[in-house]
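Remember, it's 1-based here, ligands and their atoms both numbered in the order they're listed. Computed from a prediction, not measured in an experiment: that's the story for all the values here.
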Amino acid sequence: MYIMSYIYDESFAIKDIKARMVLDSRGNPTIQVKTVTEGLGLGIANAPSGASTGAHEAVEIRDGGKEFKGKGVSRAVENVNKVIAPALIGLDSRRQQLIDRKMIEIDGTPNKSRLGGNAIVATSLSVAKAAASTMGLPFYAYLGGYVADTLPVPMLNIINGGVHAGNKLDFQEFMIVPAGFSSFKEAIKAAVEVYADLKKILKEKYGPQAINVGDEGGYAPPIEKVRDALDILIQAIKAAGYDPWNQVVIALDAASTQFYREDKGVYVLEGTEYTREQLIDFYEKLVSEYPIVSIEDPLQEEDFEGFAEITRRLGSKVLIVGDDLFTTNPARLKKGIDLKAGNAILVKVNQVGTLSETLEVLKMAFTNGYRAVISHRSGETEDTSIADISVGVGAGLIKTGAPARGERTAKYNRLLEIEEELDNPRYPGFSALLRKP
Ligand SMILES: O=C(O)[C@@H](CO)OP(=O)(O)O
Ligand SMILES: [Mg+2]
């Protein structure tokens with residue numbers, strides 16, 4: 001057995017790894033992995049699943065065929081139980097880099113398509129959580145030690161559009177950001193109150209059908225125009241008694257790859273064609289009129305140059321967040337840094353596929369002055385790993401949906417729990433990006 005820099009302790013050795021199928025929030029099968037150590041530490045993790053996936057993400061393995069409408073995960077489950085588990089059993093669960101590298105090697109593809117990104121991510125996280133459990137530490141403290149004392153500012157997606165909803169909004173996410181508060185609990189309280197007032201306003205204005213929700217728990221009203229959604233958000237923030245420029249501000253995920261027409265090289269927004277330059281002008285106007293602090297994927301996923309241009313123009317005022325652009329991939333982030341494309345990265349563990357690669361991306365982001373938003377997927381489960389990761393790495397920002405639907409509230413509830421658990425919890429908010437009207 002290896003010992004290396006760790007004090008040898010048999011109790012950290014991986015005793016067993018088992019995968020099984022569970023269901024996600026869209027009713028699709030996904031994979032759950034349980035890791036047990038010799039010291040009876042237990043780590044459980046579920047793979048989430050995206051709908052607006054980036055072209056450069058780690059690939060999920062699905063069975064195809066008739067069962068579960070092709071979405072079954074029995075092949076991915078088998079890959080964990082028959083290929084990954086035998087290779088990892090006996091290894092020290094604390095050696096995350098070695099364990100992740102082993103899986104990457106066995107997989108042997110650049111996008112994890114042989115073993116499956118879903119199989120690998122659930123295993124990677126479950127091993128880390130098993131090591132934490134063996135140590136008797138909460139996962140965030142295992143990752144960050146006692147330095148991990150900072151709760152993230154949440155970005156709560158309360159109006160859903162794009163491929164996450166059955167309405168005609170082209171932008172995918174309209175988020176509220178309770179930035180101007182002194183604790184996470186107060187921030188969540190404000191978000192919940194705005195969410196409740198939004199419901200009332202939408203119902204009055206558009207009728208009861210307007211309060212049906214999308215994949216991430218935000219309302220999916222029959223609104224078609226970006227400005228109408230923004231106006232109603234401002235109305236709800238004010239109705240709840242908060243200042244939309246200083247307390248509860250706004251973030252967007254345009255997810256623009258979804259309304260980009262590659263054949264013509266234009267964006268089709270609200271029925272009108274926009275060139276890249278025209279779309280940047282549109283964002284610039286929005287930023288000058290509304291308390292927007294962050295825009296994710298304003299341009300399509302291959303447009304590093306466009307990202308550099310919009311960052312040059314708006315980056316001193318707002319976060320320009322690369323999600324589909326970077327896909328939590330170190331090589332793509334490096335390219336972004338070199339070109340000054342974006343000033344923030346959306347971080348989804350399952351986009352790259354392992355915890356250690358995720359930590360590598362985060363380190364690269366922070367050392368190069370990029371902000372990082374730890375993020376859920378539109379298809380989620382009750383797994384709360386990302387809440388712990390956001391605190392563990394001190395990310396300062398998390399995006400995990402509306403304050404409704406169990407798979408979203410699980411993360412917020414975990415953060416509330418962490419805030420109570422910490423001796424000296426901090427909630428620095430987001431003052432750097434608050435502006436005057
Ligand atoms: O685009 C996004 O940021 C995510 C999460 O909100 O959506 P999906 O998981 O569908 O990629
Ligand atoms: Mg996105």
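- Remark: distances from the non-hydrogen atoms of Ser52 to ligand 1 include one below 4.0 Å.
- Given atom 1 (O) of ligand 1, the protein heavy atom at minimum distance is Gln172 NE2, 2.9 Å.
- Distances between N or O atoms of Ala51 and those of ligand 1 include at least one value under 3.5 Å.
- Not one N, O or S atom of Asp297 sits under 2.8 Å from the Mg ion (ligand 2).
- Judged by distance alone, with hydrogens and angles left aside, the side-chain atoms of Asn368 form no donor-acceptor pair with the main-chain N or O of Tyr370 at under 3.5 Å.
- Summary of contacts: the protein heavy atom closest to atom 4 (C) of ligand 1 is Lys348 NZ, 3.2 Å.
- When Met155, Met175, Glu57, Lys399 are checked for heavy-atom proximity to atom 3 (O) of ligand 1, Lys399 turns out nearest.
- In this structure, Asn167 contributes its side chain and Pro222 its backbone to no donor-acceptor pair below 3.5 Å.
- The side chain of Leu346, and not its backbone, has at least one atom closer than 4.0 Å to an atom of ligand 1 (non-hydrogen atoms only; side chain from C-beta on).
- Minimum-distance N/O/S atom of Asp253 relative to the Mg ion (ligand 2): OD2.
- Ring-plane geometry between Phe326 and Phe307 is classed as tilted, the angle between the planes lying from 30 to 60 degrees on a 0 to 90 degree scale.
- An angle of 90° is found at the Mg ion (ligand 2) between Glu296 atom OE2 and Asp323 atom OD2, rounded to 10°.
- Within the 4.0 Å heavy-atom criterion, neither part of Asn157 lies near ligand 1.
- Remark: ligand 1 atoms within the under-4.0 Å shell around heavy atoms of Asp253 are 1 (O), 2 (C), 3 (O).
- Across His164, Arg377, Arg26, heavy-atom proximity to atom 7 (O) of ligand 1 is greatest for His164.
- Panel note: side chain Arg435, backbone Ile292; a donor-acceptor pair is recorded below 3.5 Å.
- Aromatic ring orientation, Tyr242 versus Phe181: perpendicular (interplanar angle above 60°, classes split at 30° and 60°).
- Counting heavy atoms from C-beta on, the side chains of Leu397 and Leu319 come closer than 4.5 Å.
- Geometrically, ligand 1 and Asp323 share a nitrogen or oxygen pair separated by less than 3.5 Å.
- Using modelled atom types, one side-chain atom of Glu301 and one backbone atom of Ala55 make a donor-acceptor pair closer than 3.5 Å.
- Heavy atoms of His376 found under 4.0 angstrom from ligand 1 belong to the backbone as well as the side chain.
- Here the side chain of Ser256 pairs a donor or acceptor atom with the backbone of Asp297 at under 3.5 angstrom.
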Requested in this report: Report the C-alpha separation of Lys112 and Glu357 in whole Å, then their side-chain angles, then the decisive distance to 0.1 Å, and conclude whether the salt bridge (Lys or Arg N to Asp or Glu O under 4.0 Å) test is met.
Outcome: CA-CA 13 Å; Lys112 303 188 172 64; Glu357 286 167 289; 3.0 Å; yes
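- Atoms of ligand 1 lying under 4.0 Å from at least one heavy atom of Glu173, given by number and element, are 1 (O), 2 (C), 3 (O), 4 (C), 5 (C), 6 (O).
- Of the protein's non-hydrogen atoms, Glu216 OE2, 3.2 Å is the one closest to atom 5 (C) of ligand 1.
- Aromatic ring centres of Tyr274 and Phe259: separated by at least 6.0 Å.
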